[in-house]
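Note that the coordinates shown come from a computational prediction; the quantities given were computed from them, not determined experimentally.
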Amino acid sequence: MENTDTIYAVVVTYNRLKLLQRTVECLRLQTRPLKGIVVVNNSSTDGTASWLAQQNDLIVLNQPNVGGAGGFASGIRYARGLGAQWIWCMDDDVFPRPACLEKMLPHTSEAGVGILAPRRLMEDKIFTNDFLSYNLTNPLASLHNGKLKKMVVNAPTDIAGTAFEGLFVSAACVDSIGLPNAELFIFSDDTDYCLRAKLAGYRILYIPDALMDKHHFFNKASWTERQQQKKWKRRYAIRNNTYLNHHYGRNNAVRYLRPFIGMFGYVLTACITAPFSSGYQWKDIPMMWQAYKDGLAERLGKY
């Protein structure tokens with residue numbers, strides 16, 4: 001079992017002060033105290049910097065807004081520089097229950113484990129986008145095989161991918177595969193990181209009794225309101241999904257056809273709904289096509 005004197009948490013935040021305060025408090029209340037909590041503030045404008053400046057027990061990194069991917073890259077680099085042997089990564093919208101870290105610690109010594117993943121709950125219901133394996137050969141199926149949300153999992157289980165919503169990574173894994181790809185900005189940075197870990201031979205273990213709660217966004221918003229709020233993120237979702245398939249796909253059908261199908265799904269939704277809803281607009285279609293082309297060219301970075 002890993003000594004908590006070598007464990008740091010890394011929290012990335014941007015303009016969600018109230019959620020950040022809850023996340024930090026949950027980390028402070030862990031039954032196995034952390035060595036330190038690193039908060040990466042991506043130039044928030046909502047009072048976050050002022051609040052962080054008053055917190056004497058936090059390590060604060062203030063930086064330009066480089067997205068979640070750039071935030072985790074900075075935070076992991078800094079924590080590793082402090083001597084962290086395990087680094088607990090999370091966005092500011094997940095809230096670990098008091099025994100969450102304690103439940104994961106016994107598994108840090110299991111052979112080959114480089115990443116541990118807690119179970120996330122949303123309004124006390126299991127919430128997961130974790131999955132069992134990658135599909136790099138069949139363009140007509142998802143990249144993610146064996147999604148846990150379709151299964152009953154009540155014991156530690158080897159998986160292939162999890163999110164930066166409690167991802168717990170060892171120093172050995174970080175030293176082997178490097179930092180998250182900051183150029184992805186948002187979306188798929190966690191999938192890319194987990195895939196790199198798997199390709200390097202590390203196990204990723206899902207721990208269902210290590211519990212975190214996830215904030216429920218858009219729970220009262222209409223479909224149109226949800227689409228409007230998520231609109232700016234679509235180009236990153238399309239581009240980065242295209243990048244993953246193009247970069248790791250093992251045949252041209254996966255590299256080109258699968259991401260085209262994904263992009264076309266957005267275009268079709270726009271064509272069907274644009275006449276009736278402001279959730280999608282006709283002008284979104286050229287943006288989607290450009291995002292697909294950027295992914296094929298592996299042209300990343302912040303838009």
Student: Start with the C-alpha distance between Arg203 and Asp158, add both sets of side-chain angles, then the distance that settles salt bridge (Lys or Arg N to Asp or Glu O under 4.0 Å), and finish with yes or no.
Tutor: CA-CA 7 Å; Arg203 293 172 62 200; Asp158 279 278; 2.9 Å; yes
Student: State whether a side-chain donor-acceptor pair under 3.5 Å links Gln21 with Arg16.
Tutor: no
Student: Is it true that Arg120 and Glu165 make a salt bridge, defined as a side-chain N closer than 4.0 Å to a carboxylate O?
Tutor: yes
Student: Assess, by modelled atom type and distance only, whether the side chains of Ser74 and Gln63 contain a donor and an acceptor separated by less than 3.5 Å.
Tutor: yes
Student: For the side chain of Asp93 and the backbone of His215, is there at least one donor-acceptor N/O pair under 3.5 Å apart?
Tutor: no
Student: Assess the side chains of Thr13 and Asn41: does a donor N or O sit below 3.5 Å from an acceptor N or O?
Tutor: no
Student: If Ile, Leu, Val, Met, Phe, Trp and Tyr residues are connected whenever their side-chain heavy atoms lie under 4.5 Å apart, and connections chain through other members, are Tyr206 and Ile204 in the same group?
Tutor: yes
Student: Does Tyr8 offer a backbone N or O that forms a donor-acceptor pair with the side chain of Trp86 under 3.5 Å?
Tutor: no
Student: Please list, chain by chain and in numerical order, all residues satisfying ring-ring contact (aromatic ring centres under 6.0 Å, His included) with Phe95, sequence neighbours excluded.
Tutor: none
Student: Just checking, any donor-acceptor pair under 3.5 angstrom between side chains of Asp192 and Tyr248?
Tutor: yes
Student: Leu101 and Ile87: same hydrophobic cluster, using ILVMFWY side-chain contacts below 4.5 Å?
Tutor: no
Student: What I want to check is whether the side chains of Asp294 and Tyr303 have a donor and an acceptor closer together than 3.5 Å.
Tutor: yes
